[in-house]
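Chain A is the first sequence line, chain B the second, and so forth, proteins listed ahead of strands; every chain is numbered from 1. The figures that follow rest on heavy atoms only: side chains count, while hydrogens, waters and symmetry mates do not.
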Protein chains: 2
Amino acid sequence: MATIKDVARVAGVSISTISKYMNGGNVRPDNAQAIREAIAALDYRANPFARNLKIQRSRSIGVLLPDMAAPFYGTVVMSLDKTLREHGYHTQISVYGSNYGLERDNLRFLITNGIDGLVYIPEDLSCDEFYELTASIGIPTVQIDRIIPGVAGDAVLVDNGEAVYQAVSRLIEKGHSRIAIITGPKSVFTAKERLGGYLRALSDHGILFDDELVISDQNAFATGYRGCETLLALDEPPTAVFTTNYDITIGLVTAARERGVRIPEDMDIFGFDCVEVCAMMRPPLPVVHQPEQEIGQTAAAYLIERLNGYDGPPRTTRLKCRLAPE
Amino acid sequence: MATIKDVARVAGVSISTISKYMNGGNVRPDNAQAIREAIAALDYRANPFARNLKIQRSRSIGVLLPDMAAPFYGTVVMSLDKTLREHGYHTQISVYGSNYGLERDNLRFLITNGIDGLVYIPEDLSCDEFYELTASIGIPTVQIDRIIPGVAGDAVLVDNGEAVYQAVSRLIEKGHSRIAIITGPKSVFTAKERLGGYLRALSDHGILFDDELVISDQNAFATGYRGCETLLALDEPPTAVFTTNYDITIGLVTAARERGVRIPEDMDIFGFDCVEVCAMMRPPLPVVHQPEQEIGQTAAAYLIERLNGYDGPPRTTRLKCRLAPE
DNA sequence: CACCAAAAGCGAAACGATTCGTTTGTACGG
DNA sequence: CCGTACAAACGAATCGTTTCGCTTTTGGTG
């Protein structure tokens, strides 16, 4: 593999001139020509490791997230990667699978690995732990989808409470008063916020809250599936169910269908995230649709600003969700 | 930020002893203790850039793929990342969005960026171009899902032809003889193979091939959606349709449902990939299910073997798909 | 207690770029 | 023809590790 030294020798100029040329500095035309030829002849490529050592940056952004199977995450990551790449950064992902030990380990791994910035969907980490792991490094971090309360840093979230409020209100306006909710672990930020929206919608419409109608467990297919069984077994089952996550929604619908429960006649369902899938049902299953692309773009933009030296106070953006169909 | 030199000074031993300690070499217990204390006191972490430069490796694997929104890709990447991380590698992704210029650019970007290995789902790149871009680097590559014909390297594929053969045979056994197929671009490896399985199934069952019944376009929702319109407009529409991709399947079902076409009575559909989603329909829509986890694991294992020095001939694994429901 | 092999420690030379301060080269006006 | 000003080229130092060849220390044995 040719080094900058070889190029200098072949082109007949000094190493520093090659470096200047490579980095877009001014070089005499005849030298530029000679350098070009030498580079071509030797098939020279700058060694990224040497450069990184010298400048102490890697142009690499870590993305730490709990899952990638659900389309929500894939779409966000795709959008992140696109924007970051346009600015010369690459995307290093790390999936912890909602496994709490892994969440720490992978964060440590990313950090000790020379990332320039971090995009993070937290789940279990506490504020103190986060600072303990990241403080000494001092790289910019953008939290997305969820936040660790107390961590001061940029964040891109959606208006969970408001979106759920509207969705549940729609169910109420359709005449439902026994409305269940199936949601993720109550410790998870999004679950809390979404539950909040649900409660507020009930209360604003004068509906009494019944804790039999609240199911909270892993963000998983099984939670929706078993939730359906649980709800149907109640003395007075709900007439409508709101779900707060892709997998839960799919699980619930599957279980309902298997039991011959008619949707929406026997059980009206309002889901989350699975836009294309739910649009395909007859009648279309209404869902809350998060702006995945925008989340990725905004997070990337925040990060790049910080990497370019912006040093303002932490910013939190709340992006609006849409209800689909409108 | 503390360096190894600082640790050496504080611990009262030489730099090389620190290095040895850090890399698991034998060190006298008293020294080990002193080193541990110095590291803790200084909050020392080895500088990854310096290490990479010295050893000329990054422990980073590039993953180049066309899309991430469909759950298939997310699941494969998740499984890749898991296995790689267990072996101390991290995963650097790059999505080219079925954009041919980007496929080249992103490959170049990854390569000039010091990856130790590559996992690649190719789409448009030719064999020559691939070699031109990668030859001088000499990193191990595993192609997954698809291959560039002529490229000698490890590959992990599924038995596309066989899976489709069986799926279409099922439709035939149910009595269908006018069976359409909606598939991706004919230039794409998987589309070709899947189309091959379809043709073989027809021919083995003595059914004449009708090219009106073959629709080939982008792997996208719109292709399935419009495909439905096209097929229904035929003088003699098909009684069954086989789709070869997640997005196409969803598009087709959506269009059918919107038109009041009953599934399976008016149009029997056999889909691809969307396992949970299709299981949730009534009756469940049968699909070809690819072993995403196994694809990721196998690819990662191949790569790691090569990175550990294995230098045997290229290996191609064909993993079996399942039909679901069985 | 002396000897020896094995173990551990040491210092210096890489790895391949960027960068800073200095020297050389070029062009132009007086 | 010389002096000056400015651009370009240069050389050396540096980033923080790993590794190699050698010296010192250690601990077991006769």
Please determine if a side-chain N or O atom of B:Asn26 lies less than 4.0 Å away from the OP1 or OP2 oxygen of C:dA7.
no

Can you tell me if B:Gln218 and B:Asp247 form a side-chain donor-acceptor pair at under 3.5 Å?
no

May I ask you to decide if A:His90's main-chain N or O and A:Arg85's side chain share a donor-acceptor pair within less than 3.5 Å?
no

Could you tell me whether a side-chain N or O of B:Gln143 sits under 3.5 Å from a main-chain N or O of B:Ile148, the two making a donor and an acceptor?
yes

Rounded to whole Å, CG of A:Asp30 lies from C1' of C:dG25 at a distance of 12 Å

Nearest-Å distance, OH (A:Tyr21) to P (D:dA9)?
12 Å

At how many degrees, to 10°, do the end axes of the helix from C:dC1-D:dG30 to C:dG30-D:dC1 meet when each uses five pairs?
50°

Under 3.5 Å, side chain of A:Glu123 to main-chain N/O of A:Glu103, donor-acceptor pair present?
no

Under 3.5 Å, is there a donor on one side chain and an acceptor on the other for A:Ser79 and A:Glu292?
no

Is there side-chain contact between A:Lys192 and A:Arg146, with at least one heavy-atom pair below 4.5 Å?
no

Parallel, tilted or perpendicular, judged at 30° and 60°: which one describes the rings of B:Phe130 and B:Tyr120?
parallel

Answer yes or no: is there a donor N or O on one side and an acceptor on the other, between the side chain of A:Asn106 and the main chain of A:Ser94, under 3.5 Å?
no

For each nucleotide in nucleotides 12-29 of chain D, reading 5' to 3', give B when a protein heavy atom comes within less than 4.0 Å of its base, S when such contact involves only the sugar-phosphate, and - otherwise.
--BBBBBB----------

